[in-house]
Amino acid sequence: MKDAAPQTVYLKDYKPTAFVIGRTNLTFDLYDDRAVVTANLAISRNSLSKDQTKILTLDGCPGLDLQGLLLNGQPVESSNFLVGSDSLEVFNVPDEFELTTIVNIRPHLNTTMMGLYRSRTMYCTQCEAEGFRDITYYIDRPDMMSEFTTTVIANSTAYPILLSNGNPIERGELDNGRHFVTWHDPFKKPAYLFALVAGALSVVEDNFVTQSGRNVVLQIFVEEKDIDKCGHAMLSLKKSMRWDEERYGREYDLNIFMIVAVDDFNMGAMENKGLNIFNTSAVLVSPEVSTDTAFQRVESIVAHEYFHNWSGNRVTCRDWFQLSLKEGFTVYRDSQFSCDMNSPTVKRVEDVSFLRTHQFAEDGGPMSHPVQPESYMEINNFYTMTIYEKGSELVGMYHTLLGEETFRKASDLYFERHDGQAATVENFVCAMEDASGRDLTQFRLWYQQSGTPILSVQTHYDETRQSYQITFKQNCPDTPGQTNKKPFVIPIRLGVLDHDGMSISLNDAGDSEILLEMTDETLTYTLENIKSKPIPSILRGFSAPVKLNYGPSHEELAVLMANDSDGFNRWDAGQRLTLDACMLATNDIANYCESSLPVSLIEALTKLITDDSLDPAMVSLMLTIPSEALLYEQIDKIDPMTIHHARKLVRSEIAIALASKFQETYHRLKSNEAYTPSAEQIGRRSLKNTALSYLMLLDEPRIDLAWSQFQSSDNMTDKSSALVAMVNCPLALDFATRALASFEDQYRDETLAMNLWLQIQATNTQPGALNRVKALMEHPSFSMTNPNKVRSLIGSFCSANLVNFHNESGLGYSFLREQILQLNQANPQVAARLVAPLTQWKKLAQPHRKLMRGELQIIADAPNLVKDVYEIATKSL
Ligand code: B3K
Ligand code: ZN
């Protein structure tokens, strides 16, 4: 158990600071085994604060070894300051002064990947959320915006490249083989956006001319071996810069924009001003070692971090309760960008699948929290799908309600009003209100109430009156700390089809789609002059983040799937059909009954796969039935084995029923054209590999196709898809073993490809996965200190190999607990992320429930638990 429970921070306690740091001058003297950090801070009273305290309190951490403290150039007497474990207090300070601190820190011993640390041979930083205090004493909060000048000094042979935020203003040689570079960032920023990099890096350089004609130098720094994997990121960056000018009127502001790729990183990337630091997995790609998914991920993360330059950096957050202000908005911006660069429907489907599977689970679980949380123990635990993905949906709803033009006016207003400020969610809503003239009082509930609203639908057709009524009813389940929720504003995009699939016009103007704004608990919509019972297409484009409770017949779903003019709802109708099939199979298996697929489903899928006019990417998505994790969302007492077998049964039956179609499709889409990550090619590869995965489920699986694809393909998408297909096929064991060995042989030196190799084995659903994972932990390609590898092997096993993780022995759970406790001190953030699968214990059937809870309890009782893990474990019990 913890000695004392960590403190909770509350939104209601927000107060401006008593002092502000107008200017921050930093000097980093880097050595192999230490860094000496000198901070010279120009401090004065904060005019926004009434607090007249004479004590200056700076944030710090136990790792700061204070070597010197000067006030206006004079050493501060020992009676005039106090060093606490995570603070420095200076007494009797005047109203305006300069404070200099000199601290020694030990980056080479820093395994948390927060603050200043080493990744392989380089120095790098990660300061968001509260990592700057691990580097030096500071007022480390986002509303403390300061002008930074940073000098980095290091040995010129080991660290020829010395980077920080802003523009370089001076460089030179020093004694003892050392050199320095000074950087100045003219834009005031909070410390969480500070960055520093030092190392022997190679650079890919390009340039971009902004809409106002300024030239910006673009640089991507990587290790020499990766220099050929930067092209896609550079292209994505230039596209993002142009797109943000065109869609949001946002131009880049410094003369230089840098990206650095590091191997050891807790997340995807970080938007530090002018110096983005990226996980290598989010920047480096090449056709031979990276999948299509990796290419698309790079494009979207590069865009996301770049877009933060306005939504996050120029306008930052007042405090961490406003996190979704920058993250939700930026996710929305990057998803719009990806829609514009690729297929918008495919992107929407992917985003909604992710939201429904993961954010809905979070919202229905013990960590459920509003988009604007009211409290936290550890802010790093709140970089969640609710803050990011649900936050993005909220911005999307403004767009839907206000329309394109007004939404753009509102975002312009927001940026203009708050440029250079630390803003709040409320500021954003006000900008939306002021630009549109709408009252968004009720809309604010989306930020305050947690949980996923349920939208129930009932329809009634009156044949004699020829009228059709749709009644919507909303309610939102209780979530931790919140009961009796008020109704939300729910934008419902609606269309109506006749039984032949033709759109019915909904008003005199002949519109086939309308937008309803639901504000009360119920809403009834009536259509007159309807000749026969129609089929509603509800919540088109997933116009609100709600669960739809509506049970159309299979025939109606089949009509929607084949004819709805809204691509998203066509996909969704197909999902509902396959979901129903999986649920039926689950019941049949649980009751030891024979199970078979509804004929309507087979007919619908046959029609789908034989329609050449459709986008292959969409066909592939529609043939991909709901994941096990999504099925978990539909059930109260989850039995993982039954769900796994039911899903497998449905897939096998689809494979049998459509075998010849899959074969034709596979051969039709095989191609020799040179690889590009274009949406068209990605779509074709996706459908081809979906067909292959079905062909591997036949009684006589097409191992020949998989093997030859594995051997002959020149790109990682096809190679890894073939490998996955063989690894998961019980009859292809020998081939899978040979293929895994040959993969290892070929890509031994390609870190990212080897991570994929680990992941493919971790998600092998065949029995014995835990032992395979344990054996792989001894493999030279695995390392417990690299977050990517932990995620690839341990994370994937526990979150994406559910049938094995949930093995009734409970060994999967105890394995996870061991790994969490091992990482607890070394890397609190990675450890805390791993707890997620165990937090869902209440939804599982016995014995899983009891076993999972038992492991959570062991975690909660463990000595020296970091607050990251403590918060999640205790809140989940
Ligand atoms: N803002 C960072 C995330 C920081 C996470 C800190 N635990 C990356 C992003 O969302 O763009
Ligand atoms: Zn972000």
Side-chain angles (χ1 to χ4, degrees), residues 9 112-115 117 124-134 140-142 165 189-195 233 236-237 240 244 257 259-262 264-279 281-283 297-317 319-338 351 367 371 373 376-392 394-395 422 787 791 827-836 866-869 871-872:
V9 184
T112 64
M113 290 168 210
M114 284 298 279
Y117 66 97
C124 62
T125 54
Q126 170 56 35
C127 294
E128 187 176 0
E130 296 178 335
F132 194 73
R133 64 188 64 185
D134 297 348
D140 186 12
R141 40 186 274 177
N165 317 87
K189 65 166 177 290
Y192 84 84
L193 291 172
F194 171 81
S236 306
L237 175 60
S240 312
D244 213 18
F257 185 86
I259 289 178
V260 179
V262 304
D264 303 291
F265 207 62
N266 281 342
M267 60 250 169
M270 176 65 211
E271 71 263 24
N272 317 298
K273 182 76 188 187
L275 177 55
N276 286 190
I277 298 184
F278 271 61
N279 189 321
S281 75
V283 65
R297 180 166 177 264
V298 166
E299 182 180 80
S300 98
I301 298 185
V302 166
H304 179 98
E305 305 311 331
Y306 174 73
F307 297 155
H308 267 315
N309 190 54
W310 274 95
S311 47
N313 302 3
R314 288 287 285 258
V315 183
T316 192
C317 298
D319 53 70
W320 293 121
F321 298 102
Q322 321 297 329
L323 185 57
S324 193
L325 175 69
K326 75 176 178 85
E327 295 305 348
F329 189 21
T330 307
V331 171
Y332 183 65
R333 278 150 54 66
D334 86 55
S335 64
Q336 282 183 298
F337 168 77
S338 296
D351 286 353
M367 283 297 287
V371 172
Y376 59 79
M377 282 182 199
E378 170 51 63
I379 185 56
N380 283 321
N381 286 335
F382 284 80
Y383 286 76
T384 59
M385 283 158 294
T386 301
I387 302 292
Y388 277 66
E389 274 72 32
K390 186 173 179 181
S392 162
L394 268 47
V395 180
R791 282 186 283 263
N827 191 329
Q829 279 180 59
V830 173
R833 293 267 153 180
L834 286 178
V835 186
V866 292
K867 65 177 173 173
D868 310 55
V869 177
E871 177 171 33
I872 300 184

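Reckoned from all heavy atoms, side chains included, excluding hydrogens, waters and symmetry mates. For ligands, and for the atoms within them, numbers begin at 1 and follow the listed sequence.
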Could you identify the single nearest non-hydrogen protein atom to atom 8 (C) of ligand 1 and state the distance to 0.1 Å?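 Ranked first by proximity to atom 8 (C) of ligand 1 is Ala269 O, 3.0 Å.
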
For atom 3 (C) of ligand 1, the protein heavy atom that lies nearest, with its residue and separation: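 Of the protein heavy atoms, Tyr388 OH, 3.5 Å lies nearest.
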
Numbered atoms of ligand 1 (with element) below 4.0 Å of [X], judged on heavy atoms:
| X | result |
| --- | --- |
| Lys326 | 1 (N) |
| Gln829 | 7 (N) |
| Met270 | 1 (N), 2 (C) |
| His308 | 9 (C), 10 (O), 11 (O) |
| Asn380 | 6 (C), 7 (N) |
| Glu271 | 1 (N), 2 (C), 8 (C), 9 (C), 11 (O) |

Under a 3.5 Å distance rule, please check whether [X] uses its side chain to pair with a backbone N or O of [Y] as donor and acceptor.
| X | Y | answer |
| --- | --- | --- |
| Asp244 | Phe307 | no |
| Arg133 | Gly115 | no |
| Asp134 | Met113 | no |

Do you see a donor-acceptor pair shorter than 3.5 Å between the side chains of Ser338 and Ser300?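 Short answer, no.
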
Is there a donor in the side chain of Asn276 and an acceptor in the side chain of Glu305, or the other way round, less than 3.5 Å apart?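 There is no such pair (donor and acceptor under 3.5 Å, judged by atom type) between the side chains of Asn276 and Glu305.
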
Regarding Glu271, does it place an N, O or S atom less than 2.8 Å from the Zn ion (ligand 2)?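 No.
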
With the Zn ion (ligand 2) at the centre, find the angle made by OE1 from Glu327 and NE2 from His304, to 10°.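 It comes to 110°.
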
Does the gap between the ring centers of Tyr376 and Phe321 come in under 6.0 Å?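 Tyr376 vs Phe321: aromatic centres under 6.0 Å.
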
Selection from Met113, Gln126, Glu128 by shortest heavy-atom distance to atom 1 (N) of ligand 1: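 It is Glu128 whose heavy atom sits nearest to atom 1 (N) of ligand 1.
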
Full working for side chain to side chain contact (heavy atoms under 4.5 Å, CB included) between Asn272 and Lys189: CA-CA 10 Å; Asn272 317 298; Lys189 65 166 177 290; over 6 Å; no

Side chain or backbone, does Tyr383 bring an N or O within less than 3.5 Å of an N or O on ligand 1?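 No, Tyr383 has no N/O under 3.5 Å of an N/O on ligand 1.
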
N/O separation below 3.5 Å, His304 to ligand 1: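 Yes.
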
Which residue in the set Phe337, Phe257, Phe278 passes ring pair (Phe, Tyr, Trp, His ring centres under 6.0 Å) when paired with Tyr306?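 In the set Phe337, Phe257, Phe278, the residue that makes a ring pair (Phe, Tyr, Trp, His ring centres under 6.0 Å) with Tyr306 is Phe257.
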
Assign the ring pair Trp320 / Tyr383 to parallel, tilted or perpendicular, where the plane angle (0 to 90°) is split at 30° and 60°.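 Plane angle between 30° and 60°, so tilted.
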
